[in-house]
There are 2 protein chains.
Amino acid sequence: MVQKETRLRGRPRSFDPDEVLDKARAVFWNLGYAATSLDDLATATGLNRPSLYAAFGDKHALYMAALDRSRTEATTALGAALATEAPLRAVLQTIFDRTVDIYRRGEEGQRGCFLVGTAVTQAVDDPQARALLAAFISETDGLFRARFERDAASLAPGVTPAGAAPMASGTFHTLAVRARTGASEADLKAIAHAAVTMICAA
Amino acid sequence: MVQKETRLRGRPRSFDPDEVLDKARAVFWNLGYAATSLDDLATATGLNRPSLYAAFGDKHALYMAALDRSRTEATTALGAALATEAPLRAVLQTIFDRTVDIYRRGEEGQRGCFLVGTAVTQAVDDPQARALLAAFISETDGLFRARFERDAASLAPGVTPAGAAPMASGTFHTLAVRARTGASEADLKAIAHAAVTMICAA
DNA sequence: TGATATTCATACCGTTTCGCACAAAATAGC
DNA sequence: GCTATTTTGTGCGAAACGGTATGAATATCA
């Protein structure tokens, strides 16, 4: 275990918290929070419970850390993609096509989007998950809206940036729901194409 | 307990399975399948476990019965609404506005759509829930598509029935996700309006 | 080298979970 | 009135649950 910094005394950690968080997220991604047990997480991460608790706190904190990671990754990637200097139609088509590819991943079946796929069910009874998902949706809306405002001439007639932004985010949502439900690549790509067609001018 | 039909001998049931199913659905709707315990269900329905088992089989069967009820109710209502003889724009606006009102209901917070709100999380690991949700989405797509084909002249330029149908279903999905996450009536109604604007000709 | 601090491994805890067993209650049939 | 059948009410069992306690292992510090 190579430490890049002076470390405090004591036995060194045998794992990288970032890797462990990714592995835990993969289990939560398939099963959702409530159906994922500590045994599931211990098995997937190769860690015993006390190690998981020491690193993350408890099951809920681990789940929230995983949600937050997905949120950060998704908004960072979307921001970069929307900053691309290219025609809006092409930018959107690329974003949605890549999204389809990501949402169709999964060893146990297509798992869609971690946030929509699991935090939606949590939302009624778990205020932290609800707030994080709401923030994610709001950020997504905002990123789309800003790009649409910069490129308003590229929107279809009668379509405003304020109206188009949640529809673009909504395309993520329906792709996520459908992908997790087993929809084919062709069907999802057709929906992506339809969304671009309806948002952008011909 | 008034029986409308000749009944077999034995002690009569003290409950109406339809009412019990509704009460159970309300709990599942808030918590999702995995986080709902048999104690939760027994408390909500006022029945003991053996009675629940005798009537529905087991927890999963009860959940599936509740999902199927929501699916039937939703597709029946959508079919009727889409059969309305009125301009497409008005029909769609009414459907989405009513949907917003339904998705904003809930005593513990807005609970959105039972199918999207809970079956999506189940989908990876529960083939029955996944199949039911997939069927629901397919039926919704089909109903929209049929109406759009009958009214193709009312779609926005360049928008086809095949393209518009999943976008309309997708509007349900994003409304469901957002409602369950706490979005305001005004925001949801604005999204409904934007969807209609993008699907229908001016 | 011994003291101190941190992490890992093992075992354990109290509680909850789902589903079942069985006797009592309530009806219909003869 | 007795028998057969279905439902209810109570209790139960085995397993699973999230989390904790404790000693051993592994490092740094003095």
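For clarity, every value in this text was computed on a predicted model and none was experimentally measured. In the text below, chain A, chain B and the rest are named by the order of the sequence lines, each starting its count at 1.
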Checklist outcome for this item: Sorted by chain and number, sequence neighbours left out, side chain to side chain donor-acceptor pair (under 3.5 Å) with R49(A) holds for D39(A)
Next on the checklist: Quiz question: by atom type and distance under 3.5 Å, do the side chains of T118(A) and Y63(A) form a donor-acceptor pair?
Outcome noted: yes
Checklist entry - Between D39(B) (CG) and dG19(C) (P), how many Å, whole number? => result 13 Å
Checklist outcome for this item: Here the residues of residues 17-37 of chain A within 4.0 Å heavy-atom distance, strictly under, of DNA chain D are T36(A), S37(A)
Checklist entry - For D58(A), which residues count as a side chain to side chain donor-acceptor pair (under 3.5 Å) partner, sequence neighbours excluded? => result none
Checklist entry - Near R150(B) CZ, under 6.0 Å, is it more than 12 heavy atoms from other residues, nucleotides or ligands? => result yes
Checklist entry - Is a side-chain donor-acceptor pair under 3.5 Å present for T75(B) with R71(B)? => result no
Checklist entry - Do F144(A) and F172(A) have ring centroids that are under 6.0 Å from one another? => result yes
Checklist entry - Who passes side chain to side chain donor-acceptor pair (under 3.5 Å) against S169(A), sequence neighbours left out? => result D141(A)
Item to check | Shortest side-chain distance from R13(A), nucleotide among dA27(D), dT7(C), dA26(C) | outcome: dT7(C)
Checklist entry - Is it true that D101(B) and K189(B) make a salt bridge, defined as a side-chain N closer than 4.0 Å to a carboxylate O? => result yes
Checklist entry - From dT17(C), dT27(C), dT10(C), pick the nucleotide closest to the side chain of N48(A)? => result dT10(C)
Next on the checklist: Tell me the interatomic distance from D16(A), atom CG, to dT7(C), atom P, rounded to whole angstroms.
Outcome noted: 14 Å
Checklist entry - Any chance the rings of F96(B) and H193(B) have centres within less than 6.0 Å? => result no
Next on the checklist: Show, in sequence, the C-alpha distance, side-chain angles and deciding distance for D40(B) and T43(B), and conclude whether the side-chain hydrogen bond (donor to acceptor under 3.5 Å, both in side chains) test is met.
Outcome noted: CA-CA 5 Å; D40(B) 295 331; T43(B) 300; 6.0 Å; no
Item to check | Spacing between L41(B) atom CG and dG19(C) atom P, to the nearest angstrom | outcome: 11 Å
Item to check | Between C1' of dT6(D) and CZ of F15(B), the distance in whole Å | outcome: 11 Å
Item to check | Nearest to side-chain heavy atoms of R9(A), which nucleotide of dT8(D), dA3(C), dC17(D) | outcome: dA3(C)
Next on the checklist: Contact between M198(B) and V159(B) at the side-chain level, heavy atoms closer than 4.5 Å - yes or no?
Outcome noted: no
Under 3.5 Å, N/O pairs linking protein and nucleotides 23-25 of chain D:
none

Next on the checklist: Does anything in residues 49-67 of chain A come within less than 4.0 Å of DNA chain D? Heavy atoms only, and list the residues if so.
Outcome noted: R49(A), P50(A), Y53(A), D58(A), K59(A)
